Asker: 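This structure is in structure tokens; I'll ask about it shortly.
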Amino acid sequence: MIGPPGSGKGTQAAVLAAKLKIPHLSTGDVLRAMAQSQTAEGLELHRIMTEGKLVPSEMVNKFVLISLQSKITGCILDGYPRNLEQAKFLTQNYQGKIQAIYFKIDKSLVAERVAGRFSCNHCGKIYNRYLSQPMTDTVCDKCGSHDFLFRSDDNLAAVTARLDAYTTETEPVVKYYTTKGLLKTLRADRSVSEISEELLSIVKSH
Ligand code: AMP
């Protein structure tokens with residue numbers, strides 16, 4: 001799944017994984033968990049991610065390959081490959097079939113969607129400081145929890161850096177899979193259900 005931050009690829013990857021009962025590997029989720037550790041590696045990861053930059057490919061390639069090799073059913077890769085180095089690594093080291101799905105959306109639409117995003121740490125409901133606050137500032141509308149979770153890279157400066165990284169490093173991956181004839185494009189500026197229906201039919205016809 002390839003697309004700019006805020007294109008909805010994470011949401012769709014989770015829906016598709018549940019429908020098809022196949023594993024979903026979000027490299028962002030794995031790296032966020034690794035960045036919690038108070039080791040030199042964890043602190044360095046936290047710094048890179050908070051700045052909205054990409055983590056070195058050697059680190060990501062290693063755990064993606066190990067994870068793919070252990071999954072006989074295949075896997076939904078969400079947020080990987082993120083640059084040409086990773087795309088070529090995947091081609092050279094993975095023998096299974098690859099289908100790239102591109103979540104196409106105007107980049108000017110996504111900054112506001114992502115900046116200010118936060119979620120309930122208890123039930124997962126997603127809010128946005130600019131677009132959809134809970135009715136009471138400190139209480140989740142859905143479950144009543146007071147515990148909210150903010151991603152440290154969801155502020156405007158970091159989102160801008162993530163969009164820049166997307167433009168310079170990830171857009172060439174879209175071209176790479178187009179040239180190989182392996183890319184399908186989805187219009188990502190539609191409702192979650194419209195997109196998931198089309199996504200399912202693309203994947204089933206592959
Ligand atoms: P995401 O959850 O996909 O938005 O990723 C959050 C952050 O994790 C990114 O801004 C990067 O710092 C890092 N990251 C996720 N996937 C990759 C990847 N494939 N290569 C390098 N860095 C990544």
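The model shown is predicted, which means the values in this text are computed figures rather than measured ones. Whatever order the structure lists them in is the order used to number ligands and atoms, beginning at 1.
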Asker: Among pairs that include at least one residue of residues 22-51, which meet salt bridge (charged side-chain N to carboxylate O under 4.0 Å, His left out), considering only residues two or more places apart or in two chains?
Answerer: D29-R32, E44-R47, R47-E51, E51-K53
Asker: Strictly under 4.0 angstrom, heavy-atom based: which residues surround ligand 1?
Answerer: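 Its neighbours under 4.0 Å (heavy atoms only) are T27, G28, L31, R32, M49, K53, L54, V55, V60, G79, Y80, R82, Q86, R151, D153, R162, given by chain and number.
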Asker: Can a side-chain donor-acceptor contact be found between D147 and S145 if the only test is distance below 3.5 angstrom?
Answerer: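 No, because no side-chain N or O of S145 sits under 3.5 Å from a partner of the opposite role on D147.
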Asker: Do any pairs count as a salt bridge (charged side-chain N to carboxylate O under 4.0 Å, His left out) and have a residue in residues 187-197, sequence neighbours left out, and if so which ones?
Answerer: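 As it turns out, the salt bridge (charged side-chain N to carboxylate O under 4.0 Å, His left out) pairs with a partner in residues 187-197, which skip direct neighbours, are R187-D189, R190-E198.
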Asker: Short question: side chain of Q38, backbone of L43 - any donor-acceptor pair under 3.5 Å?
Answerer: no
Asker: Given 3.5 Å as the limit, does a donor-acceptor pair link the side chain of D141 with the main chain of M135, or not?
Answerer: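 Yes, the answer is positive, given that a donor and an acceptor are paired below the 3.5 Å cut-off.
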Asker: Scan residues 82-94 for pairs that pass salt bridge (charged side-chain N to carboxylate O under 4.0 Å, His left out), counting only residues two or more places apart or in two chains.
Answerer: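 Every pair satisfying salt bridge (charged side-chain N to carboxylate O under 4.0 Å, His left out) with a residue in residues 82-94: there are none.
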